Amino acid sequence: MASKDSSVCVGVSCGNTNGVVCLGRDGKVDVVSNAGGDRYTPCTVGYQGSEVVVGRVAKQSLVRNSRNTIDAFWRAAGHGLDDDITSTCLRASKTAPVSESENGLTFTVSDGDGNEKVVPLAEPMQYICGALHASATEQAHTTVKSIVASLPVTATKQTEEMIRAAWAHHGVTVQQFVSDPISAAVAYRFGQEQHHRAVRANAVVVHIGGTQACVSVVSSLGGVLQVLGSKSSATISGKSYDKVISKILSQEFFRKTKCDIMDDKRAQVKLLHASEVAKKALTRQTAAQVSIDGLFEGMDLHCSVPRVKFESLASSVTNQISVLVDEVLGQVGIDKEQVSVCILSGGQCCMPKIQQAFESMFGKTKVLSSIAPDEVVAIGACQQAIVLAEADDEDEEEDDLEDQADGGSAQCVSTHALRSAHTISLCGVSKTIGIQTGDTVTPIVPSGTPVPFYGRFQLQPLEGESSVDVVLMEEGDDGTFAKAAELVLVNMGDVATSPEGTNPKRAVLHIEVMPAGSKAMLTDASNSKNTVTVDL
């Protein structure tokens with residue numbers, strides 16, 4: 001692996017609306033701008049005769065070429081039209097007709113000669129990955145060959161396979177998948193301050209995207225992040241807010257021209273496109289100026305949309321969010337007082353009214369939105385890519401061992417932030433891993449910890465003892481732990497003390513848990529290693 005100074009780490013977030021790429025290098029994390037200067041790329045693909053356009057150009061063609069444009073499709077990967085949210089998002093997009101066959105979802109578009117062409121879902125996914133890959137490579141000044149990708153909590157195994165295949169088409173390997181709420185939590189370093197204590201902390205992660213909203217509860221215990229529960233809704237989304245502005249514009253056009261355009265499809269597409277632009281402007285301004293040339297029968301629309309009016313009319317949508325939060329908290333069995341932080345992600349969370357709604361909803365609980373909500377997931381995925389790169393740099397890890405074992409009195413202290421990146425679809429450790437010193441059994445890796453997992457722990461025997469036992473543990477009905485099986489007996493007799501002989505003997509235990517099993521590696525002060533593989 002390249003050194004930290006020269007390596008490039010890439011995190012990618014894709015949704016139904018936009019894709020964002022984040023680059024990590026030289027200790028800095030930056031969101032990549034595409035060739036058009038935008039920090040996001042619309043996940044839209046347009047077929048214009050023999051030419052295929054991607055991103056903003058494809059989105060602009062929605063007005064004139066909606067029949068041959070594929071939009072709001074990314075989260076459909078791994079799902080069928082029997083999935084309510086997937087079906088709602090695809091059919092609401094009013095673009096290329098979608099159907100389902102034994103090979104999955106397909107779209108029907110027309111070529112330049114008027115002939116119909118069936119496009120499998122994998123094809124537009126490849127085009128989006130290609131556009132994002134080109135942006136990353138351009139800014140990295142080197143060919144990007146691996147990434148960490150975020151996934152929605154509703155992702156299936158087939159979702160992962162389809163995304164891997166789409167990136168592999170461009171020679172890119174997906175190192176790891178991380179669920180969207182976990183990525184957002186990682187971006188804010190949630191739970192990392194508790195990695196040395198058995199303290200559970202809960203975060204509510206709210207993602208409001210262009211086509212749906214998802215509220216998740218993420219817990220942190222011992223530095224390990226886990227999604228406890230989540231719930232999605234297609235009735236709360238950016239498109240819901242777009243429709244509010246579109247209605248305002250339609251009414252204003254009727255007031256000026258006495259023409260009702262509610263049933264004119266072309267005019268409505270233009271209104272929705274202008275509404276999205278106005279909505280983004282209202283996140284920064286108290287009013288948005290809207291100009292639409294040739295909206296209907298050659299007539300233009302020029303007007304102003306006040307933020308106050310928009311927020312008032314959109315309150316019915318905003319109020320639904322609190323209901324979704326309450327449902328998820330009830331699902332996992334916690335109340336708002338047990339929530340440490342609320343993290344906002346998704347482009348719609350940039351709106352001041354939504355941020356105010358959550359501040360009011362959670363009272364004294366801190367609401368985090370300092371990282372751009374539409375970029376926070378990609379930033380978290382990039383930070384996880386950096387962690388994976390550091391974990392692979394074994395030489396640097398070994399150089400730090402002696403400094404980290406510096407005389408603490410605890411019998412088991414984590415000396416490194418626990419490295420855990422997962423989605424809820426990945427398996428976990430079936431039994432708790434712990435250490436036994438004398439009659440005391442101390443858990444260090446809780447059962448259910450998602451894999452892959454990496455941790456480092458200091459081992460120190462009791463006075464008069466010469467070994468530490470690494471064991472599998474069972475939890476009794478009273479919450480206490482007992483030894484179930486021995487994994488490895490660490491003999492401390494061969495571990496060197498400090499040169500002065502004043503510090504007690506210590507060793508550093510490395511535990512790496514992979515889906516196929518686990519590896520426990522002991523590294524003592526002389527850097528000798530003992531490795532044992534056990535079945536968890």
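These numbers were taken from a predicted model, which means no experiment stands behind them.
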Report the residues that fulfil salt bridge (Lys or Arg N to Asp or Glu O under 4.0 Å) with [X], sequence neighbours left out, ordered by chain and then residue number.
X	answer
Asp326	Lys336
Arg56	Asp38
Arg39	Glu375
Lys280	Glu276

When you compare the side chain of [Y] with that of [X], does any pair of heavy atoms fall below 4.5 Å?
X	Y	result
Ile248	Leu313	yes
Val20	Val12	no
Val204	Leu329	yes
Val45	Val52	yes
Leu344	Val367	yes
Met351	Tyr241	yes
Ile128	Val54	yes
Cys14	Leu132	yes

Criterion side chain to side chain donor-acceptor pair (under 3.5 Å) on Thr159 and Thr156, from CA distance to verdict
CA-CA 5 Å; Thr159 305; Thr156 65; 3.0 Å; yes

When you measure from the side chain of [X] to the backbone N and O of [Y], does any donor-acceptor pair fall under 3.5 Å?
X	Y	answer
Ser312	Lys309	no
Asn16	Arg75	yes
His207	Pro373	no
Asn202	Gln338	yes
Ser246	Lys243	no
Ser360	Ala357	no
Asn319	Ser322	no
Asn68	Ser110	yes
Thr173	Gln175	no
Thr69	Asn65	yes

Does Arg67, at its CZ atom, have more than 12 non-hydrogen atoms belonging to other residues, nucleotides or ligands within less than 6.0 Å?
yes

Please say whether more than 12 non-hydrogen atoms of neighbouring residues, nucleotides or ligands are located less than 6.0 Å from CD in Glu327.
yes

Among [options], find the one that has a side-chain contact (heavy atoms from CB on, under 4.5 Å) with [X].
X	options	result
Phe296	Ile261, Leu301, Leu271	Ile261
Tyr188	Ile379, Val205, Val341, Val376	Val376
Val328	Val215, Ile334, Val206, Leu228	Val215

With rounding to the nearest 0.5 Å, note down the distance linking [atom1] in [X] to [atom2] in [Y].
X	Y	atom1	atom2	answer
Ile147	His170	CD1	NE2	10.5 Å
Ile321	Ile236	CD1	CD1	5.5 Å
Arg164	Met162	CZ	CE	14.0 Å
Leu324	Ile208	CG	CD1	9.0 Å
Lys28	Leu23	NZ	CG	12.5 Å
Ser216	Gln226	OG	CD	12.5 Å

Please test Ser66 against Thr95 for side chain to side chain donor-acceptor pair (under 3.5 Å), starting from the C-alpha separation and ending with a verdict.
CA-CA 5 Å; Ser66 60; Thr95 51; over 6 Å; no

Checking side chain to side chain donor-acceptor pair (under 3.5 Å) for the pair Ser150/Asp180: CA distance, chi angles, key distance, verdict?
CA-CA 5 Å; Ser150 71; Asp180 288 344; 3.0 Å; yes

Hey, mind stepping through Val290 and Val305 against side-chain contact (heavy atoms from CB on, under 4.5 Å) and telling me if it holds?
CA-CA 7 Å; Val290 177; Val305 179; 4.1 Å; yes

Which pairs count as side-chain hydrogen bond (donor to acceptor under 3.5 Å, both in side chains) when at least one residue sits in residues 251-269, sequence neighbours excluded?
Glu252-Arg255

Evaluation steps, side-chain contact (heavy atoms from CB on, under 4.5 Å), between Val325 and Phe358
CA-CA 10 Å; Val325 171; Phe358 281 103; 3.9 Å; yes

Salt bridge present between [X] and [Y] (N-O < 4.0 angstrom):
X	Y	value
Asp71	Lys59	no
Glu160	Lys157	yes
Asp242	Lys247	no

Please report the C-alpha distance between Cys342 and Leu368 in whole Å, then the side-chain angles of each, then the deciding distance to 0.1 Å, and finally whether the side-chain contact (heavy atoms from CB on, under 4.5 Å) criterion is met.
CA-CA 6 Å; Cys342 174; Leu368 303 179; over 6 Å; no

Minimum heavy-atom separation for [X] to [Y], with atom names?
X	Y	result
Cys350	Thr283	O-CB, 3.8 Å
Val153	Cys214	CG2-SG, 3.6 Å
Thr106	Ser101	CG2-OG, 4.2 Å

What verdict does the side chain to side chain donor-acceptor pair (under 3.5 Å) test give for Thr235 and Gln320, after you've listed the backbone C-alpha separation in whole Å, the side-chain angles of each residue and the deciding distance to 0.1 Å?
CA-CA 9 Å; Thr235 60; Gln320 293 180 54; 3.2 Å; yes

Report the C-alpha distance between Leu388 and Gln176 in whole Å, list the side-chain angles of each, state the deciding distance to 0.1 Å, and finish with yes or no for side-chain contact (heavy atoms from CB on, under 4.5 Å).
CA-CA 9 Å; Leu388 292 178; Gln176 193 174 61; 3.7 Å; yes

Do we see a donor-acceptor contact under 3.5 Å between the side chains of Ser240 and Ser237?
yes

Checking side-chain polar atoms at under 3.5 Å, does Thr108 have a donor or acceptor matched by the opposite partner on Glu116?
no

Got a sec, which pairs hit salt bridge (Lys or Arg N to Asp or Glu O under 4.0 Å) with one end in residues 123-137, sequence neighbours left out?
Lys117-Glu123

